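Presented below is the structure to which this report refers.
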There are 14 protein chains.
Amino acid sequence: MDSLGWVAVASIISSGLCIGIGAIGPALGEGRALAQALQAMAQQPDETNTITRTLFVGLAMVESTAIYAFVVSMILIFANPFWNHFLEQAGGG
Amino acid sequence: MDSLGWVAVASIISSGLCIGIGAIGPALGEGRALAQALQAMAQQPDETNTITRTLFVGLAMVESTAIYAFVVSMILIFANPFWNHFLEQAGGG
Amino acid sequence: MDSLGWVAVASIISSGLCIGIGAIGPALGEGRALAQALQAMAQQPDETNTITRTLFVGLAMVESTAIYAFVVSMILIFANPFWNHFLEQAGGG
Amino acid sequence: MDSLGWVAVASIISSGLCIGIGAIGPALGEGRALAQALQAMAQQPDETNTITRTLFVGLAMVESTAIYAFVVSMILIFANPFWNHFLEQAGGG
Amino acid sequence: MDSLGWVAVASIISSGLCIGIGAIGPALGEGRALAQALQAMAQQPDETNTITRTLFVGLAMVESTAIYAFVVSMILIFANPFWNHFLEQAGGG
Amino acid sequence: MDSLGWVAVASIISSGLCIGIGAIGPALGEGRALAQALQAMAQQPDETNTITRTLFVGLAMVESTAIYAFVVSMILIFANPFWNHFLEQAGGG
Amino acid sequence: MDSLGWVAVASIISSGLCIGIGAIGPALGEGRALAQALQAMAQQPDETNTITRTLFVGLAMVESTAIYAFVVSMILIFANPFWNHFLEQAGGG
Amino acid sequence: MDSLGWVAVASIISSGLCIGIGAIGPALGEGRALAQALQAMAQQPDETNTITRTLFVGLAMVESTAIYAFVVSMILIFANPFWNHFLEQAGGG
Amino acid sequence: MDSLGWVAVASIISSGLCIGIGAIGPALGEGRALAQALQAMAQQPDETNTITRTLFVGLAMVESTAIYAFVVSMILIFANPFWNHFLEQAGGG
Amino acid sequence: MDSLGWVAVASIISSGLCIGIGAIGPALGEGRALAQALQAMAQQPDETNTITRTLFVGLAMVESTAIYAFVVSMILIFANPFWNHFLEQAGGG
Amino acid sequence: MDSLGWVAVASIISSGLCIGIGAIGPALGEGRALAQALQAMAQQPDETNTITRTLFVGLAMVESTAIYAFVVSMILIFANPFWNHFLEQAGGG
Amino acid sequence: MDSLGWVAVASIISSGLCIGIGAIGPALGEGRALAQALQAMAQQPDETNTITRTLFVGLAMVESTAIYAFVVSMILIFANPFWNHFLEQAGGG
Amino acid sequence: MDSLGWVAVASIISSGLCIGIGAIGPALGEGRALAQALQAMAQQPDETNTITRTLFVGLAMVESTAIYAFVVSMILIFANPFWNHFLEQAGGG
Amino acid sequence: MDSLGWVAVASIISSGLCIGIGAIGPALGEGRALAQALQAMAQQPDETNTITRTLFVGLAMVESTAIYAFVVSMILIFANPFWNHFLEQAGGG
């Protein structure tokens, strides 16, 4: 198997593990924040608006770490500079 | 075994592990949020509507991390650019 | 062993691990939500209907992550595009 | 050893691990829900019927993830399409 | 070593690990439910009958996941279709 | 080393790990139930008889998962069908 | 190294790990039960006899899982049927 | 495969794992801080402004560790000095 | 290296790991029981005698699992039947 | 592959893991401190200034451990003395 | 490398890991017991003598598991029967 | 690859892991201490000065363990005696 | 590489891991005991002397397990009987 | 690569891991003790002097386990007897 093949195999494995592992933390963190938000609403119904607003801005921030992992995963599959190089090299060989 | 075979093997292993591992976090996070929501409802029945609405919007956000992993898994199986390349190469060889 | 064999072996291992690992998170998450639901019912019997309804909609959402893993497992066994390719290739060889 | 042998070995290992690992989550989740149900009954004896009904519907849902793993395990042992293919190939060779 | 030997080795390892790992979850889950049941009895002696009945039906459900693992273990040792195939092949060779 | 030797080695390793790992869960589960039983007795001395009876029936159920692992361990050492096959084959060769 | 040597090596490793790992669970479980028993005695001195009796019967049950592991360890060292077979074979060769 | 290929493979694997693992900590930490912020708001509604301001400055600080990992990931993919060296060397060879 | 050497190496590794791992559980279990005993004494000084007696009988039981591991360790070093066999064989050869 | 290539591969892997693993601890530690700070503010609004000041000085100290890992990561990529040595050697060879 | 060398290497690795791993459990267990003892003293100053006496007898018992690991470590380094055998064999050869 | 190369590779990997792993503990420990300090300030505002002073002296002590790891990391990269030796040897050869 | 080299490599790795792993338990145990001692002092200032005395005697006991690991580490580096043997053998050869 | 090189590689890896792993425990232990000290000060301001004194003596004791690991790390890098031996041997050869 030549370099092109190894790069493909590495990209596939790496992108799968990257989002697979990277989805654990954000999901747990968001679940925890969401749970506490609902608890806070039940405790202080008058503050529902403030809590909801802070919750969703905060969730977006936590989600950002999941999006970092997703972006790297997508780059490795669809915009992989290493793959493009070897592809050009193989095409022009 | 040629590159085509290795890419297939890597895609299969990676897509399986990706969703297998990636399902743990969201499920636990959603379970926790759901549990707290029910607790909050029992504590403050009057806020059921607000809690339910926030819960399902939030769950959708947590679910999104599971969907990232699922999307990568599906791409690796059905729209794998590396596989397509080697397939064309093998077909046109 | 040729590519066909390796693809079969990889699919078998991957589908088994995928649902094996992927069943842990949803089961724990659902168990937690269910436990809290029963606790909430005992605490606020009048809200049983609301709690039950929210519980089952929520459980379905948690279950969805288990179903993602199950679907990938089934695809890898019964609708594996890599296997189909090598099978055609082998059949037409 | 030919492909037939490797597919058999992979199926045996994978089916064993699949249900072995997949039994952990559901058992813990069901144990937790059951424990809380009994606690809820002791706290609110009048709601025993509602609690019991919700408990068993919920347990069935948790059990479903164990059944997914069990089904994949059984398919890998008794209805393995990869094994069947190589068996026909070997039989007709 | 031929295929027959490898299938035997794989079956032995897999069946041992399957029940070895698969016994952890159910035992912990049952232990937790049992502990809570005794606590509930001490708290609400009048409900002993209901608690005991629910406990044992529930324990049977938790036990079922251990039994799945045990069944797969037994099948791999005593009713292994892969072993039977290679045995016939070897016997009729 | 021939098949007979490998089967022996696999059986020895597998039976040791099977009961070694399989003893963890039941012991922890039983320890927890026992601890709670003693706590319950101290809290409600009048219910000692009921608690003790439920405890020992429950412990037997938890113990059953340890016994599954022990049975598989014993089968792998003393009634191993794979070993018996290769032994006959070797003896009759 | 012939089969006899490999069986010896496997038996030594397996028996050591079997009791080494298998001692963790029972020791933790017994420690927990014992701790709770002492707590219960301090809380309800009049029930010391009942608590002590139940404690030691229960500890014996927990100990049984350690004994399973110890028995398998001893069998693998002193009454190993696989070793005996190869020993006879070597002795009679 | 030459050095260029190995460097590509290493960069792909390393960048994927770097952000995959590095996303766990920040997501959990942010989730925890967010949860507590909502709790604090429900407890002391008058301090919402101060809490929100401190929360978002603090979240930015936690996010910085995720950004370190993301930056290293991006450098390894798009501005990798090792890759550039070997590329020049290969281009000018 | 002949069988005698491998058996020696395996015995050394196995005995070291056996007691190394096997010392964790009993030490933690005993520490927990001891801690609770001191707590119980402070809570109920009049029961010091009963608590102390039960504590030391119980500790001896927990210690027994450590002793199992120690005994296996000592047997593997000083009374290893596999080593003795190969030693005789080597001596009489 | 020569030394230059191996050093490049090692630097890439090591820098990725270094910041990937090293980001976990600081993020969790900062998240915890931040959460407690918000809790403290809600509890004692008059001390907001002191708490905020101590929080940010403390966060900077926790951040320092993340910066150590980031610095080592950057050194390994951009100021690696081992790489520079082999580069000179290769350039001047 | 001959048997003598391998036995030396195995003894060194095993003795290091044995006490390295074996020191974790006793240290944690003793720390816990000690912590509770101090707590108990502060709660019931009049019982200081009884608590101290029980504490040190108990600590000696916990320490015994660390000593088992230390003894095995020392035996493997200074009184290793396997090493002595190969040494005599090498010396007398 | 000669010794010089292996030493470079080992130093790179080791320095990266050393600070990567070594940053986890101090960050968590400092985060915990900081969190408690803020809690203590909110509880006892009059003691802010004493708490702050003790906090920062203590944090410096915790930081020292991170600095040990950082120092070893830096020594391995910039003042590595093994590298210097082989460098001289290679330079003077 | 001859035996002398392997023994040196094994001693270096083993002594590093021995104290590296062996420092975790005692440090955590001592930290816990120390934390509780300070708590006890704050609760019962009159008992400061007794608490301090018991604390330091106890800490010395916990420290002893760290010292066991340190002693083995030092023996492996500076008084290694296996190294001495091979050194003499090499020197006198 | 000769012995000298392997000893260098082993020393580098071992010293890095030794302090990397060995820094986790002491940092967590010190963080915990520090946290509790601040809590104790807030609770009992009059005892600040005693608490601070005991805290720093205790922290020094916890730090000692980190110093053991650091000392071994430094010895392996700068005063390694194995390296010195091979260096002399190589120099005098």
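Please read these numbers as outputs of a predicted model, since none were measured by experiment.
- No side-chain donor-acceptor contact under 3.5 Å links J:Ser73 to the backbone of J:Phe70.
- For the pairing with H:Asn80, the side-chain hydrogen bond (donor to acceptor under 3.5 Å, both in side chains) check across H:Ser15, H:Ser11, H:Ser14 returns one residue only, H:Ser11.
- Interface remark: of the candidates H:Gln39, H:Glu30, H:Arg32, H:Arg32 forms the most heavy-atom pairs closer than 4.5 Å to chain J.
- Among the candidates H:Ala69, H:Ala27, H:Pro81, the residue making the largest number of heavy-atom pairs closer than 4.5 Å to chain J is H:Pro81.
- For the set H:Ala66, H:Ala35, H:Gly58, the count of heavy-atom pairs under 4.5 angstrom toward chain J peaks at H:Gly58.
- Neither the backbone nor the side chain of J:Ile51 comes within less than 4.5 Å of any heavy atom of chain H.
- At least one side-chain heavy atom of H:Cys18 sits less than 4.5 Å from a side-chain heavy atom of J:Ile19.
- Note on J:Met41, J:Gln36, J:Glu63, J:Gln43: by heavy-atom pairs under 4.5 Å with chain H, the leading option is J:Glu63.
- Counting only heavy atoms from C-beta outward, the side chains of H:Phe82 and H:His85 never approach each other to under 4.5 Å.
- Only the side chain of H:Ile75 comes within less than 4.5 Å of a heavy atom of chain J; its backbone N, CA, C and O stay farther away.
- Taken from CG in J:Leu34 to CZ in H:Phe56, the straight-line distance is 10.5 Å, to the nearest 0.5 Å.
- For the pair H:Ser3 and J:Gly5, the tightest heavy-atom approach, listed with the atom from each and the gap, is OG-CA, 3.9 Å.
- In this structure, the portions of H:Leu55 lying under 4.5 Å from any heavy atom of chain J include both its backbone and its side chain.
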